[in-house]
Each structure stands twice: as C-alpha cells, then as structure tokens.
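Proteins get letters first, then strands, A, B, ... in listed order; numbering begins at 1 in each. Because the structure is a prediction, the values reported are computed rather than measured.
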Amino acid sequence: MNTPAPPITALDTTSLPKHFDSPTAEAYWDRRWDELGIYCYDAARPRSETFVVDTPPPTVSGSLHVGHVFSYTHTDVIVRHRRMCGKNIFYPMGWDDNGLPTERRVQNLFNVRCDPQVPTSDAAAIAPPTGKDLRQPPRVVSRPTFIELCHRVTREDEKAFMELFRRVGLSVDWRQEYATIDDHCRYLAQFSFLDLFAKGHVYCVEAPTMWDTGYQTAVAQAEVEDREQEGAFHDIRFGVDGSDESFVIATTRPELLAACVAVTAHPQDERYRQLFGRRALTPLFRVPVVIFPSALADPTKGTGILMVCTFGDQTDVQWWREQGLPLRQVLGRDGRLQEVVFGTGNWESRNTDAANAAYRQLQGLSVKQARKAIVEMLRDPSAAADSSGAAPLAAAPRPLRHSVKFYEKGDSPLELVTTRQWFVRLLDKKDELIAAGEKIGWFPAFMGARYRNWTDNLQLDWCISRQRYFGVPFPVWYPLDGAGKPCHDRPLVASQDALPVDPTTAAPPGYGADQRGAPGGFTAEADVFDTWFTSSLSPQIGSHWIRNPARHGKLFPADIRPQSHEIIRTWAFYTIAKALLHERNVPWHSAVISGWILDPDRKKMSKSKGNTVTPMHLLDEYSADGVRYWAASARLGTDTAFDESVLKIGRRLVTKLFNAGKFALSQGAGRFPITHELDRAFVHKLAALVEAVSKDFEAYEFASALADTESFFWHNYTDTFLELVKIRARGEGESGAAGQGSAVAALRLGLSVLLRLFAPVLPYITEEVWSWAFAAETGACSIHVATWPSRIDFAGIDAPTDGGSFDLAVAALYAINKQKTAAGAAVGRPLQRLVLAANAATLERFTAVRQDVLESSRAATCATRVEAELADGVFLAEELAFAN
RNA sequence: AGGCACGUAGCUCAGUGGGAGAGCACUACCUUGACGCGGUAGGGGUCAGCGGUUCAAAUCCGCUCGUGCCUACCA
C-alpha cells in the first residue's frame, strides 16, 4: 500500500529579506561551515577517495592584490567541485615568510640593519620609528633580534592574507596551516639537505658565483633577469709584451681592467693571428697576460679581440677554467674595488709602482665610480702599455644599449664573485628532470613547454646558500684545524634526531659547546637556505614526509599544484627536482597554471609600478561571490586585463539567483511526477548541461563550465522556462493539479541542479538558497557537501515526446514578446487575442506546448495561420489585440 | 635570435571545419504579481594582413605584421 507523498510546501517568502544581504550572509555561512567542519581533511579515508592540493604558500610580505584572489579562487573552484563529487579534500595553507622580501620590509619598517657580529640586543624594545627617527642612520641590531623582528612582521602580514582568503571563501582546512620558517618546515628542509648530502647530490665549492652586491648574497640562475641598460663600448689599446706592436680591445667593463687575465680572439681572425701565444700588456697596470685563440670570440663584435677578466661574464668563467688562468678578483662583495697590491701573489706587473699608484685611485670606489675614474685615467698617454705615445683610450666611448643580468629583487647588476657556496647538482640530471615533467599533466598543456624549455637550457647547478639571516640554517658545521682555520672540505652535518637545528647555538655530533671557535673545535655554517629550497618541499610539508610515513603515503604525490606561470622555472622546477632526488617520484599529478591579472593597459601589476588593485573594497562592493565570478570567468593560463564590469555581472547573477530561487521555492503543489511535455523537454536540456559542465570541471575548465551554466540559467531557466510555467505552477492554468505538480517539480529540480552547478564558483548565494528547502529535503546540510548533479537526478523522468518542444515554446514566446515591445507595451500586458503564423509542421509540433505559451504571454485566445514560407521552428506573432 | 601564446564589436572576452557570438557600454521601450541590485527589443565586426588546403576557413597549413611571456646572446 502506497502512502501518498506529502505535498510540496511553498516557501514563506515573507520570512526572506527583499534583497540578498551578502555581507551578513557571508559572515553567517563562514561561521556555519566552520561549525560543520566541511573543509576538514579526514585522515581515515583512503587515498583513492582523497583529492590533494599543493597550495602555493604566498610571500606574505609582498603586496596583496587582486592577482592573489584570482589564482587562489581558481584553486578553490576546483576544490569545491571535487568535494561535491565526494572527494576527501586535503587543502592546506602555508606562508612563505622567510627570505629577502621580509628582510627588506623589516629593514625599512624599523630602520634597522642586521650585523651578525653585534651581541644580542632586545627586540622587544624596538618599535617602528616615527618621522624624525627615519632620517637617522639605520640602527644596527643582532642576528637574533633581526630575526625576531622578521617573525613579528610576518605574523601581522599572515593575518592580512588569512583575512582576505577567508573573506573570499577559500575552503581551506585551516588546521593544516604552516609557515616555511616554522619548526616543522625547518625540520623537513634540513632533512632534505641531509638526504641530498647522503646521496651525494649537494656539494660545496669556492667558485665564481652570481652575486648581488646590494644584498651581498649569492643568487641562483632562476632568480636572474635581464634588464636593458645604457652602456658603452670602450676601445682600449693594449701593448704586446716585448714589441712595439699594439692592438685595441673593446669592452663595456673598463673598470675591470685590473682584473684582466688574458686576451682572446677568434682563431681564424687574420687581424690577430700573429698574436696568439704571445703576451699582451695591459695599460695602466702593465700586466702581462696571455693571448689565446677561442672559437667563442666573435670577430664581428667590438674590435674582434677582447680582454678576459675575473670576472666580467659567464664566458670569462669558462675561459678562466679552460685555460687555467690566474684569479685576479678586484671586485669585493660590497660591489667596490677591494685592496690589491701589485707585485704580490697573482698580481704580476712590469711596473709595480705605476700599477699600485694607478690602482690606489680606484680602490674603494663602486663599479660606477671606478668606471668613470678609469676612463679619465686612460685618456692619459703616460698610461699606455705600448710605445706609440697615444692615450690607451683609443676613441671616445661608443654608447650602446645592452641587457645586463640582475637579481630579480636587486637594484644593481649582478657580479661574478668567487665565494664558497653550496649547490645541488642538477645539470647531470636534465634528462630525468625533463622526463619527470612529461609525467605531469600541465593545464593548459603548453605550459609544459615552459618547463621543458627552462630545464633544457639550464646552465648552472642550483646554488642554495644565501648569505642572509631570516631563513632556514644549513644543518652544517666545519671542523677547525689546529690553527683555528675551518676545513670546508670536511663539513659536519647534523643527525636527524637533532632537527631542526641552529648550528650557531647547537654543537655538531661529537663536539662540546665549549669547542665552538676553538682550534680543533668547530664553527657553524653561517648561511641559510635559498627560500625555494624549503618551499620546493611544499607537498612533503603537507604530507609530513619522513615524520609520518603513513600520512605521506596518503598525501604524496599531490593531485594538483596550482601556481602561476612565471614561477615554473623556480617553484615548479625545484619541486619536481626535489621529488626526483628524494624519492624518484613526481610531486603531483597535475600542474594547474593560472594567468596574470594585468592592469587596464595590459601591464603586469606590481607594487613598484603603483598599478595594483587591492581586493578588499571589491569584496565589499561586489560580494565575495561577485569577485569569485570574475576570477572563475578566466580560463587557466590566460592573462586577463582587470575589468570591473565583469564583477558587476557577477553581482547581478547573485541577485538573479536569489530572486529566481525565491520564486521557484515559493510555489507549492501536490506531489506529482514530471510528466508535462514542456517540463520533460526542459529536464532533457538540463541533463545535457549537467553532462557538459561536469566534463569541463573534470578538465579544470571551470570558466567554460561557468559560462555554460550561466547561459543556461539565464536563457533556459529564468527568461523562459520560469516564464512559461509560471501560470501553471501557481495552479492558475488549465492543466489541473498534475500539470501544476509537474511544473513545480521541474522548477525545483532545475533550481536544485543549477545551484549545485554554480556552487563551486558562488558558494554563498547557492548555500543561502539551498538552505531554504533543499538542505532539509536532501539531508545535505550544506550544498558544498551535496551530491554533484548527475543522471541520478533525472532518473525516472521520461524523455520528451519531441526533443525540440522547449525551443519551440521559447521561439513562440519570443515572437510574441517582440511584437509587444514593438507596440510599446510591457511584456506582461494581457492580450485579448493574437495570431501565430508558422509552417504546418511547426504548428503541428507546437500543439504540445501551446497552452503554456498562451498562458505565459497572457493571451486569452490564439489563432494560428499556416505560412509555408517560414522556416521550421520560426513563428510570427500577428494581429495582437491588447485586453485593455 | 629561438620557442610559446595571443590578435574576433568601442571595452573585456568566448567560440577551433558549416549560422559571427556573450557581457559591459550605446539606443529605444517597459514602472514592478521572483527580480529596477530588474526586464524587452535593437544598432554595431574586412574574425590583424596576404596566400594556400577544402564543396565549405575566425577555426587547418604557410608567410607577413603587431603584442605579451619564456629562453638565449649581451667583449
């Protein structure tokens, strides 16, 4: 015996506000979602049911702008979809707070400079300076104090980011929060080093390294960028040792003349062939240097012959190594010409006194100053190394524009300075690294080429040591010999159980604390890791690698790595490298690459350009859903100019959902199946939408999914279906209780499905409307844990008799609306009568939906006329007579 | 210099072998029975250019121009 189903209860709309109050709703639902714990990762569920996100840890001391909202929303949209598909979501958040951006911010904010030599000072006593203190010279603070100030600032910055991310509705599991400087991350970064050390993948060497003289630290190839600079060719006459001959080299770096160690030209160059094997004599310093042939020298550049210095560029390094040239480093770590005494060591000269006298005028000068000074000195004929009596500067400097390598965060050109640095050996693993990239799905696919391109062109191993303070220290000490000199070739590494360790306060295994600095004792490695050395472990940080193997097994590799394209060569590359070196694995299955938000002039937003758009006021004005709509409208990998009008569309869509939801749910009826032809035709189209949108979401094509859903909602739901069944759903039509019940059921099914399709993008408004009826009805307390729409939603609903019924009804309705508008009447104005013309076949098919069309156009009667000329499915509305 | 991407309406962008589209902006109209934080209707494009393949090209191929990014060179 069947119990009759209870009727569908109408929503009492008087209990709802007139307009959707998004700020109140956002605050309410945020709290509610927290209480329900719907973002929580469930460690008990198996890997197969889990979806793991390797969230980018933002640099919190950087500027906060709409670009953050943009890319993080992309991830959240993907995550919310997977959650509704039943996945157990692992979605952590980290903060990449260590490194130079924070140090720079602290220096400026507190007007301090760190000096590791000064004793511990009291960080608590240091407050941000006021107006006049800022003009004072920076206060020098100890390393611990400086680090404490960095922590203080990052804690504040993290709060601002967290507030934004919460406000925009990221469904992050905040229990999985980390900072790349916290104990857990330091442990793993240091363990990573121990593992690479044990496997022989890291080495320490004293070698020419790219050096930023401003920050006084080494930098890696990945952090280098080219900048166009004004420069000049300087033609400088060199002598030839033991002869009257001379030749002219061209250089853009005359200030490095004292560092000249050789001269080279192309082996086939007839102009200089006779010089090979002889020695040149540099002007001013009268240093004899070898002249050797090299195929790397370009006869068409400059004068075709050039000086090799230690070091002007990477080619100099190559020549220096290949030819076994002496080292004459004139440039100090601070970017100034350091003390040099000709006549000692490698500092050979034919005229020591003259050389030292000349050099004294340059010593202590910056590169720029030294260049200016030496050019003047070379105008003096007495500086010549040949007997021509002419000044060594053979011609006026010829200006040129050329690109110069800079550290991406630095202000002065990079120099090559010989320093002791730690490297990860990668050059010999290019093929494996490229193969690892092939195993990863790149979205969009062409981003994989960026990775391959970079890896293929890699020229240097990864320099991981930085001469900075706020970073993860190397877990390394060096033994001191009997004279108290450190033995860098015998590093002492920490044991795993001591991690995380600070070698400046802890002692290495087998030593006592009192042996620090003593002959036969030890000294700490003062350097810290490159920030990327830690952040390249983000998947392992989340999975608790090594510290919790069971958890690691469930969370590594991750499913997706969301990030933007400019850090493929850094973050993505290093993460892939680490996963390969540690576990011979890939770190994630897919890399999901977001584009950039550009300013309206299509320039990249940056704090220094002052063209950033901050996000908070946009959230206030357009709601979180509106902002998310804007972000989700852009495809992956595509750079997009910021356009506020897109936010308006989002806000309008939110309003429309609120109102459509209110209407659809305010219709009560007896419970009947969906049987009416128009309703079945609508459901038929809806099912096709679900299929297309689900497919798009699976492929991370959320923009296309959103566009399709939005278009359907607007054109097939609110503008048409809702209008066509309005009268019937109210029970005012002629089709009786069954017709009414079918209409109401279809309206509700349409709403329920559309809300769920929108939910990943518009979490707040969809949850609000869902809560009015569907939450109780389905038992899904939140739409975000409701079941993603599928065929199951349409089970038991018959296909329409005519698949085109819906479009036919719409065409007729539009034809009538058009005539009403042409007559200057409101669309809702009732009609006494009208005539619909169409071809015979169309009119025949029209019969099944005719009643709905008449009712929605408020036509009392309708005559039809066969017009054979009209195409199938086309109607003309004629002879409209308004009722009043 | 090489690679990748892009060039579609005034603007921001979809569309990847058959009908040139959306929103914004613009024009006219509608004063509201879910919605004026609305709605209806409309004007507007040499799909960068040239050539090719095809019955058919915004879409595929080649070249050219322009923009952006990545890489290289930078004595």
Measure [atom1]/[X] against [atom2]/[N] and give the value in whole Å, please.
X: A:Leu598; N: B:A5; atom1: CG; atom2: P; result: 18 Å
X: A:Glu732; N: B:A34; atom1: CD; atom2: P; result: 9 Å
X: A:Asp226; N: B:A1; atom1: CG; atom2: P; result: 16 Å
X: A:Gln459; N: B:U71; atom1: CD; atom2: C1'; result: 10 Å
X: A:Trp630; N: B:U12; atom1: CH2; atom2: P; result: 15 Å
X: A:Asn817; N: B:G42; atom1: CG; atom2: P; result: 11 Å
X: A:Met447; N: B:G68; atom1: CE; atom2: C1'; result: 12 Å
X: A:Phe446; N: B:C69; atom1: CZ; atom2: P; result: 14 Å

Please determine if a side-chain N or O atom of [X] lies less than 4.0 Å away from the OP1 or OP2 oxygen of [N].
X: A:Gln221; N: B:C70; result: no
X: A:Arg452; N: B:G3; result: no
X: A:Lys18; N: B:G36; result: yes
X: A:Arg635; N: B:A14; result: yes
X: A:Lys726; N: B:A34; result: yes
X: A:Arg730; N: B:A34; result: yes
X: A:Trp714; N: B:G39; result: yes
X: A:Lys818; N: B:G42; result: yes

Tell me if the centroids of the rings in [X] and [Y] come within less than 6.0 Å of each other.
X: A:Trp772; Y: A:Phe658; answer: yes
X: A:Trp596; Y: A:Phe70; answer: no
X: A:Phe758; Y: A:Phe713; answer: yes

Just name whichever nucleotide pairs with [N], Watson-Crick or G-U, keeping both distances under 3.5 Å, else none.
N: B:A22; value: B:U12
N: B:G17; value: none
N: B:U40; value: B:A28
N: B:G7; value: B:C65

Of all the choices, B:A34, B:C69, B:C74, which nucleotide is nearest to the side chain of A:Asn659 once you look at every atom?
B:A34
Please determine, for the side chain of A:Thr640, which listed nucleotide (B:C74, B:U12, B:U71) has the closest atom?
B:U12
Polar contact flag, side-chain donor to acceptor under 3.5 angstrom, A:Thr251-A:His234:
no
Under 3.5 Å, is there an N or O donor on one side and an acceptor on the other linking the side chain of A:Ser645 and the base of B:C24?
no
So, does the side chain of A:Lys656 form a donor-acceptor pair with the base of B:C35 at under 3.5 Å?
yes
Would you indicate what A:Ala297 reaches in the nucleic acid, counting non-hydrogen atoms under 4.0 angstrom: base, sugar-phosphate, or nothing?
base
Inter-nucleotide C1' distance (B:U54, B:A14), Å rounded:
26 Å
For B:C50 versus B:G44, give the span between their C1' atoms, rounded off to a whole number of Å.
27 Å
Return the 5'-most residue of the pair A:Arg602, A:Lys301 with respect to RNA chain B, ranking by each residue's nearest nucleotide.
A:Arg602
